[in-house]
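Below is one structure, written out as structure tokens; comments come after it.
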Amino acid sequence: MSAGQQHADVIVVGAGIAGLAAARALLAAGRRVVVLEASDRVGGRLRSVDGLDLGATWFWANEPRVHRLAAELGLATHPQHIAGDAVMHAPGGARRMAGNPMDAPCMRVGGGTQALAGAVARELGDAVRLRHAVSEISADDDGVDAVCDTAMFRASHLILAVPPALAAARIRFFPALPDELRRLAEATPVWMGPVVKVVVRYARPFWRDAGLAGSGMSHEGPLREVHDMSGPGGDPAALFGFAMPGPGEPPPAPGPVLAQLMDMFGPEAGRPSGVHIQDWRAEEHVSPPGVEHLGAYGLFGHPAYSRPAMGGRLHWASTETAPEFAGHIEGALAAADRAVMAVNDQISAST
Ligand SMILES: Cc1cc2nc3c(=O)[nH]c(=O)nc-3n(C[C@H](O)[C@H](O)[C@H](O)COP(=O)(O)OP(=O)(O)OC[C@H]3O[C@@H](n4cnc5c(N)ncnc54)[C@H](O)[C@@H]3O)c2cc1C
């Protein structure tokens, strides 16, 4: 134990929604918690700019944890706009479809999903330490240490709420993780890590005038699918889409994106008030190098992630480790629940 070490009952690595929710539940159970977050903001893959989601957008009726969390935090939610016809974009032009097979009914968080993370982080106060990238985790018989550039932390348990493949690439473990677990972590894809999300903002949701839903599918690209991203009542007004460039290919430029949207929704689509291009491959605290090559999605929720590692001191909690809804916000919350239960059980058993 060194003089500069800070102590807690539980260290949470990562202030995405999994880490934040885990910390919130542990605090409610009376634990001393510190949340170490590498970047200068909370939320991870929940990222909203000017009320528009550059990461996760939707949650669904069968996802009780997200509904409950939004309600507990007092956040407004609203239905995704799905009324109108979708558009099929194919060689030779765009074709209006009858109805909207692209979108299922789902919900959105007012102001964007990052509000979920922001509201939890406000509850946690100075337990959340931004710009604290963990580079080393070591466990011994008495506890676990997390090492950042400028500080060291010690606790009896650690919840690792970052994508396993990223943890395997960026964090050194002492003792080393067993080979099988390390290989599993290295091979587990990062949900949406290979994706570029493009959000295009407009003065008004003009596509609705023509009875269009703002959604569509494209075999031409650069966006493979498009959806309405507008807020309640069409304010702010926006469309968004996903692109998946091949390994090493750059993200799509605004010009080709606007040309595609004009093909699909008419000339007004060429006059945006803003274009955001969010390349999740380039987010160093979400995607490890080569994220495009990870394709074994069957590893999501692998039983090994439900077993504490490092002598029972390390607990996995990113959405990829979730026993159910892996990949979704709901999955991140389910993984957090599982990790918190394991930590509380072990602490209770040892006192
Ligand atoms: C484009 C896109 C669209 C999506 N759409 C949806 C959707 O519509 N609905 C849905 O349910 N889900 C969606 N998702 C998935 C959803 O965003 C994730 O399931 C969820 O946000 C994952 O949360 P998490 O806490 O598990 O991980 P993350 O959000 O990745 O959080 C991990 C955190 O750990 C931090 N970190 C990383 N390394 C370190 C380190 N060494 N030390 C300290 N901190 C570290 C990161 O900075 C980050 O804050 C989408 C994701 C993307 C990218």
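The first residue of the sequence shown is numbered 1, and numbering continues consecutively from there. Indexing begins at 1, ligand by ligand and atom by atom, following the structure's order. In this text, all values refer to a predicted model and were calculated from it rather than measured experimentally.
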*Show your reasoning for whether side chain to side chain contact (heavy atoms under 4.5 Å, CB included) applies to Val147 and Val134.*
CA-CA 6 Å; Val147 180; Val134 172; 6.0 Å; no
*Begin from the C-alpha positions of Phe240 and Trp58 and carry the test ring-ring contact (aromatic ring centres under 6.0 Å, His included) through to its verdict.*
CA-CA 13 Å; Phe240 82 92; Trp58 298 314; 5.6 Å; yes
_Verdict with supporting geometry, His157 and His315, ring-ring contact (aromatic ring centres under 6.0 Å, His included)_ = CA-CA 8 Å; His157 290 271; His315 307 262; 5.1 Å; yes
*Evaluate ring-ring contact (aromatic ring centres under 6.0 Å, His included) for His7 paired with Phe153, printing each intermediate quantity in order.*
CA-CA 6 Å; His7 291 254; Phe153 297 82; 9.6 Å; no
*Can you list the steps and then say if Arg47 with Gln278 is a side-chain hydrogen bond (donor to acceptor under 3.5 Å, both in side chains)?*
CA-CA 10 Å; Arg47 174 154 198 232; Gln278 172 72 40; 2.6 Å; yes
*Between Gln114 and Arg45, does a side chain to side chain contact (heavy atoms under 4.5 Å, CB included) hold up when you go through it step by step?*
CA-CA 8 Å; Gln114 196 177 330; Arg45 280 170 278 178; over 6 Å; no
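Distances below 4.0 Å separate heavy atoms of Ala332 from the following atoms of ligand 1: 23 (O), 26 (O). If you number the atoms of ligand 1 from 1 as listed, the ones under 4.0 Å from a heavy atom of Leu46 come out as 17 (O), 21 (O). Against a heavy-atom cut-off of under 4.0 Å, Gly44 is close to the following atoms of ligand 1: 29 (O), 48 (C), 49 (O). Interface atoms of ligand 1 facing Thr57, defined by a heavy-atom separation under 4.0 Å, are 5 (N), 6 (C), 7 (C), 8 (O). Set against the non-hydrogen atoms of Ser318, the atoms of ligand 1 under 4.0 Å away are 26 (O). Within ligand 1, the atoms closer than 4.0 Å to a non-hydrogen atom of Leu166 are 37 (C), 38 (N), numbered from 1 in the order shown. Near Ile17, meaning under 4.0 Å from one of its heavy atoms, ligand 1 places the atoms 23 (O), 25 (O).
Scanning the protein heavy atoms around atom 29 (O) of ligand 1, the nearest turns out to be Arg45 N, 2.8 Å. At the shortest separation from atom 36 (N) of ligand 1 among protein heavy atoms lies Val162 CG1, 3.5 Å. In terms of protein heavy-atom proximity, atom 46 (C) of ligand 1 is closest to His285 O, 3.2 Å. Nearest to atom 25 (O) of ligand 1 among the protein's heavy atoms is Ala18 N, 2.9 Å. Counting only heavy atoms of the protein, atom 42 (N) of ligand 1 lies nearest to Val134 N, 2.9 Å. Scanning all protein heavy atoms for the shortest distance to atom 8 (O) of ligand 1 gives Trp58 N, 2.9 Å.
Considering backbone and side-chain atoms together, Ile329 places an N or O closer than 3.5 Å to an N or O of ligand 1. Below 3.5 Å of separation, one finds an N or O of Glu37 facing an N or O of ligand 1. An N or O contact shorter than 3.5 Å is missing between Glu63 and ligand 1 by distance. Considering both main-chain and side-chain atoms, His328 comes within under 3.5 Å of ligand 1 through a nitrogen or oxygen pair. Distances between N or O atoms of Met192 and those of ligand 1 include no value under 3.5 Å.
Contacts with ligand 1 closer than 4.0 Å are made by backbone heavy atoms (N, CA, C, O) of Leu36 only, the side chain lying farther away. With a 4.0 Å cut-off on non-hydrogen atoms, Trp280 touches ligand 1 through its side chain and not its backbone. Looking at Leu20 against ligand 1, nothing comes within 4.0 Å, counting heavy atoms.
Within the 4.0 Å heavy-atom cutoff, His132 counts among the residues contacting ligand 1. Using a non-hydrogen distance threshold of 4.0 Å, Phe59 does not register as a contact of ligand 1. Distances from ligand 1 to the non-hydrogen atoms of Arg170 include no value under 4.0 Å. The shell of residues lying under 4.0 angstrom from ligand 1, judged by heavy atoms, includes Gly43. Remark: distances from the non-hydrogen atoms of Trp60 to ligand 1 include one below 4.0 Å. Within the structure, the closest approach of Gly327 to ligand 1 falls below 4.0 Å when heavy atoms are considered.
For the pair Arg129/Val34, a side-chain contact is recorded, criterion being any heavy-atom separation below 4.5 Å from C-beta on. Between Cys106 and Glu63 there is no side-chain heavy-atom pair separated by less than 4.5 Å.
When the options Ala38, Ala161, Gly19, Ala326 are ranked by their closest heavy atom to atom 44 (N) of ligand 1, first place goes to Ala38. When the heavy-atom distances from atom 16 (C) of ligand 1 to Gly14, Cys106, Ala56, Pro194 are ranked, the shortest goes to Ala56. Between atom 3 (C) of ligand 1 and the options Gly55, Ser39, Pro288, Gly16, the minimum heavy-atom separation is to Gly55. Between Asp53, Leu130, Val13, Thr319, it is Thr319 that holds the heavy atom closest to atom 26 (O) of ligand 1.
The distance from the CG atom of Asp85 to the CE atom of Met97 is 9.5 Å, given to the nearest 0.5 Å. Once rounded to the nearest 0.5 Å, the distance linking CD1 of Ile159 with OG of Ser318 reads 12.0 Å. In this structure, CZ on Arg68 lies 8.0 Å from CD on Glu330, to the nearest 0.5 angstrom. A distance of 15.0 Å separates CZ of Phe300 from CD of Glu324, quoted to the nearest 0.5 Å. Distance check, rounded to the nearest 0.5 Å: CD1 of Ile329 to CZ of Phe59 gives 8.0 Å.
Salt bridge Arg154/Asp140: present, at least one basic N to carboxylate O contact under 4.0 Å. Note on Arg182 versus Glu186: salt bridge recorded, some NZ/NE/NH1/NH2 to OD/OE distance being below 4.0 Å.
Residue Lys197 is tested with Asp279, Leu223, Thr57 for a side chain to side chain contact (heavy atoms under 4.5 Å, CB included); the sole match is Thr57. When each of Leu69, Leu333, Leu20 is tested with Leu116 by the rule side chain to side chain contact (heavy atoms under 4.5 Å, CB included), just one qualifies, namely Leu69.
At a cut-off of 3.5 Å, with distance as the only test, no side-chain donor of Tyr202 or Ser230 sits close to an acceptor on the other residue.
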